[in-house]
> 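Got a structure for you, questions after.
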Amino acid sequence: MSVWLMKTEPDEFSISDLAKRGQENWEGVRNFQARNFMLTMKVGDLVLIYHSSCKQVGIAGLAEVIAEAHPDLSSLDPDSSYFDAKSTPENPRWVQVTLGFKQAFDRVITLAELKAAPEMANSPLVKKGSRLSVMPIEESEWAFIQSLI
DNA sequence: GCCAACGTTGGC
DNA sequence: GCCAACGTTGGC
């Protein structure tokens with residue numbers, strides 16, 4: 001089992017939205033590195049849900065992969081803001097995974113405290129200028145994060 | 001709203 | 001294949 005982190009803007013879709021809906025197709029990822037990580041996700045993998053571009057930036061809860069990578073059809077829809085002309089039905093360029101809700105944390109584990117922790121120093125999450133929206137979480141990092149919940 | 005840092009595009 | 005210009009991300 002692997003652990004991942006995925007970013008979302010809570011104004012668009014938050015951990016409480018996921019709690020309400022139970023599951024969600026994680027569409028709209030348009031970055032190759034992030035996509036390649038999604039391609040390696042397995043059912044049962046855990047996913048930390050990170051809130052970005054908001055008042056309380058940080059890790060807000062936990063989900064699990066309930067369906068592995070499959071074509072992101074929003075890339076084929078001209079009416080979607082996620083439309084990509086270079087994606088075709090024969091060769092869809094982008095994928096989504098389906099996440100199931102597990103837990104909303106009692107508090108947001110803030111970016112500030114993650115930045116301050118030596119345990120997280122190697123994570124792309126705290127690297128200056130990193131905009132990666134899907135990333136793996138190391139076992140040691142996961143252990144540390146669990147200790148904060 | 002600002003702006004630094006990044007990824008992508010497209011001309012050459 | 002280089003690189004300038006552009007659009008986007010995301011913290012503050």
> In this structure, how many angstroms lie between the P atom of C/dT8 and the CD atom of A/E9, rounded?
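Nearest whole value for this atom pair: 13 Å.
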> With respect to A/F101, which candidate in A/I49, A/L18, A/I66, A/L62 satisfies the side chain to side chain contact (heavy atoms under 4.5 Å, CB included) definition?
A/L18
> Measure CH2/A/W94 against P/B/dG7 and give the value in whole Å, please.
13 Å
> Send over the distance from A/K7 NZ to B/dC6 C1', rounded to a whole Å.
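Atom NZ in A/K7 sits about 11 Å away from atom C1' in B/dC6.
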> Could you tell me whether the phosphate oxygens of B/dA4, OP1 or OP2, come under 4.0 Å of any side-chain nitrogen or oxygen in A/K128?
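For B/dA4, neither OP1 nor OP2 has a side-chain N or O of A/K128 closer than 4.0 Å.
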> Identify whether any heavy atom of A/S52 sits under 4.0 Å from a base atom; if not, whether one sits that close to sugar-phosphate; answer base, sugar-phosphate or nothing.
sugar-phosphate
> Send over the distance from A/K127 NZ to B/dG7 P, rounded to a whole Å.
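The distance from NZ of A/K127 to P of B/dG7 comes to 13 Å, rounded to the nearest Å.
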> Are OP1 or OP2 of C/dG11 and a side-chain N or O of A/Y50 less than 4.0 angstrom apart?
yes
> Would you indicate which nucleotide in B/dT9, C/dG10, C/dG11 comes nearest to any side-chain atom of A/R93?
B/dT9
> Among residues 110-121 of chain A, which residues get a heavy atom nearer than 4.0 Å to DNA chain C?
A/L111, A/K115
> What is the distance from CG of A/N31 to P of C/dG7, rounded to the nearest Å?
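Result: 19 Å.
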> If I take atom CD in residue A/Q56 and atom P in nucleotide C/dG11, what distance separates them, rounded to the nearest angstrom?
13 Å
> C/dG11 P sits how many Å from A/H51 NE2, rounded?
12 Å
> Does some side-chain heavy atom of A/M6 sit less than 4.5 Å from a side-chain heavy atom of A/M38?
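Yes. Closest side-chain heavy atoms under 4.5 Å.
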> Between A/D45 and A/S2 (side chain of the first, backbone of the second, donor and acceptor by atom type, cut-off under 3.5 Å), is there such a pair?
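Pair found, side chain donor or acceptor close to backbone of A/S2.
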> Find the distance A/R131:CZ to C/dG7:P and express it as a whole number of Å.
14 Å
> Taking the side chain as every heavy atom from C-beta outward, state whether A/V3 and A/E141 have any atom pair closer than 4.5 Å.
no
> Looking only at side-chain N and O atoms, does A/H51 offer a donor or acceptor that is under 3.5 Å from a partner on A/E9?
no
> So A/K55, base contact, sugar-phosphate only, or nothing? Heavy-atom distance under 4.0 Å.
nothing
> Between A/R30 and A/S87, does any side-chain donor sit less than 3.5 Å from a side-chain acceptor?
no
> According to the interplanar angle, ranging from 0 to 90°, do the rings of A/F37 and A/W4 count as parallel (below 30°), tilted (30 to 60°) or perpendicular (above 60°)?
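Geometry flag for A/W4 against A/F37: tilted rings.
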